[in-house]
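Comments concern the structure below.
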Amino acid sequence: MTDRHHHAHHEHRRRTSLLHRLTHLLASHSHETADKVDPALESSAPGMRALWISLAVLGATALAQAVVVLLSGSVALLGDTVHNAADALTAVPLGIAFVLGRRAATRRFTYGYGRAEDLAGIAIVLTIAASAAFAGWTAVGRLLDPRPVEHVPVVAVAAVVGFAGNEWVARYRIRVGRAIGSAALVADGLHARTDGFTSLAVLLSAGGAALGWRYADPVVGLAITAAIVLVLRDAAREVFRRVMDAVDPALVDRAERALTRVPGVRGVGELRLRWIGHRLRAEVAVVVDGDATVREAHRIAVDAEHALLHAVPRLTAALVHADPEPVPGAADPHLPLAHHAAGPA
């Protein structure tokens, strides 16, 4: 090998080594205490991106419909346009919740601000309920006083645009919400789907009007109201479960299986999982050898937490308590706590 080739080869190895060291320094190292904030930031980023993109799409959809409203004078499309524009703004409380969720815990909010996301979910459910009430009220009003639909072709095109925009946003929000574990974002996606149904109602009513059926608009409006109520039920159920700390039982089973495989764990006691925003926390008691030293029990507890962090998706922290294996005839070490567990008389 010539000196020039040898120098070039050495330089390449030096740069590769330097790049490797820099990559190692900059890469996140899971399970370090200081790094446990990073998953919150990383999981919030896709949610924020979904909100901004969907807000832009819904804004463009409402703007296109507004232009058609000015050209056609359609009252039905005007209501749909105002509805879409107002509902696009539901991204605002959810965006605020994502931003708050990134803030570090304080001595007052010791678990952080992740619950703001659940509050945003409640606001979204209330907005869906208001949408259902508005759609039903409008449909009944038009059933009692039918109105002709003018400029049917243009209104139909605008309705298709509204439906396509809302359905795309709905699919996008629901997909991202499920990926990061955000019930509020999933509810917001379902909310966008209700807006698509409203636009579809305008399209179907325009088609009925083109065929000369005067009651097409209110009848279709009532049918869409029923569909919105079904979406409301699904969204409310998901948000209610999250607020009540419900989790998928399959996650509990998965956590228990992971714990039983940890060396030194002889049994799994009480296991609790709860959502805080779109992140999970766990509390669990594991049974260890009663003759184990404090250091040995602590090592087993750390290994158990490590196993849970790998086994349970979106789990960011676990509090593991080590219980000594019971000895026949010995008193229960938790006996002094029994009267507290019973609650006040």
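Just so it is clear, the values below take in all heavy atoms, side chains as well, and ignore hydrogens, waters and symmetry mates. As the structure is a prediction and not an experimental result, all values here were calculated from the model.
In this structure, CZ in R266 is found 13.5 Å from CG in D323, a value given to the nearest 0.5 Å. Summarising the geometry, atom NE2 belonging to H321 is positioned 11.5 Å from atom CD belonging to E283; distances are rounded to the nearest 0.5 Å. Interatomic distance, CZ of R281 versus CG of L273, reported as 11.5 Å (0.5 Å rounding). With rounding to the nearest 0.5 angstrom, the CZ atom of R193 is 13.0 Å from the CG atom of L230. Note: D245 CG to D118 CG = 8.5 Å, rounded to the nearest 0.5 Å. The OG1 atom of T61 lies 12.0 Å from the CZ atom of F163; values are rounded to the nearest 0.5 Å.
No side-chain heavy atom of E296 sits under 4.5 Å from any side-chain heavy atom of D289. Between T260 and V265, every side-chain heavy-atom pair lies at or beyond the 4.5 Å cut-off. A 4.5 Å side-chain heavy-atom check between H298 and V302 finds at least one atom pair inside the cut-off. Contact annotation: the side chain of V284 approaches that of L259 to within less than 4.5 Å [non-hydrogen atoms, C-beta and beyond].
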Output, in order, the C-alpha distance, side-chain angles, deciding distance and verdict of side chain to side chain contact (heavy atoms under 4.5 Å, CB included) for Y113 and V99. CA-CA 9 Å; Y113 295 81; V99 172; over 6 Å; no
- Under the side chain to side chain contact (heavy atoms under 4.5 Å, CB included) rule, what do L51 and L185 come out as? Steps first, then yes or no, please. CA-CA 9 Å; L51 289 178; L185 188 55; 3.9 Å; yes
>> If you apply the rule side chain to side chain contact (heavy atoms under 4.5 Å, CB included), what do you find for V125 with L232, and how did you get there?
In response: CA-CA 7 Å; V125 168; L232 171 63; 3.8 Å; yes
Evaluation steps, side chain to side chain contact (heavy atoms under 4.5 Å, CB included), between I122 and V243:
CA-CA 9 Å; I122 294 174; V243 171; 4.2 Å; yes
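We find that E167 and R171 are joined by a salt bridge, their nearest charged nitrogen and carboxylate oxygen being less than 4.0 Å apart. For D303 and R299, the salt-bridge test passes: some basic side-chain N is under 4.0 Å from an acidic carboxylate O.
Partner of L280 under the side-chain contact (heavy atoms from CB on, under 4.5 Å) criterion, out of L251, L308, T316: L251 alone.
Within 6.0 Å of CZ on F240 lie no more than 12 heavy atoms contributed by other residues, nucleotides or ligands.
V312 and A255 get closest at one heavy-atom pair: CG2-CB, 3.9 Å. Considering all non-hydrogen atoms of both residues, L55 and R173 come closest at N-NH2, 4.4 Å. Q65 and G162 make their closest contact through NE2-CA, 3.5 Å (heavy atoms, listed as atom of the first residue, atom of the second, distance). Annotation for A116 and L100: closest pair CB-CD1, 3.9 Å, computed over non-hydrogen atoms. Smallest separation of non-hydrogen atoms from R314 and R178: NH1-O, 3.7 Å. Minimum interatomic distance between L309 and L315 (heavy atoms only, all atoms of both residues): CD2-O, 3.4 Å.
Figure legend: R103 and F109 shown without cation-pi pairing, the cationic atom not lying both under 6.0 angstrom from the six-membered ring centre and within 45 degrees of its axis.
Taken together through direct or relayed side-chain contacts under 4.5 Å among Ile, Leu, Val, Met, Phe, Trp and Tyr, Y172 and L58 form part of one hydrophobic cluster. Transitive grouping of hydrophobic side chains (ILVMFWY, heavy atoms separated by less than 4.5 Å) brings W52 and I124 into a common cluster. The hydrophobic cluster containing I53 does not contain V161, counting ILVMFWY residues as joined when their side-chain heavy atoms lie under 4.5 angstrom apart, directly or transitively. A single hydrophobic cluster is seen to contain both L190 and V57, as judged by linkage of ILVMFWY side chains at heavy-atom distances under 4.5 Å, directly or through other members. Under the 4.5 Å side-chain heavy-atom criterion for Ile, Leu, Val, Met, Phe, Trp and Tyr, V287 and V320 are members of distinct hydrophobic clusters.
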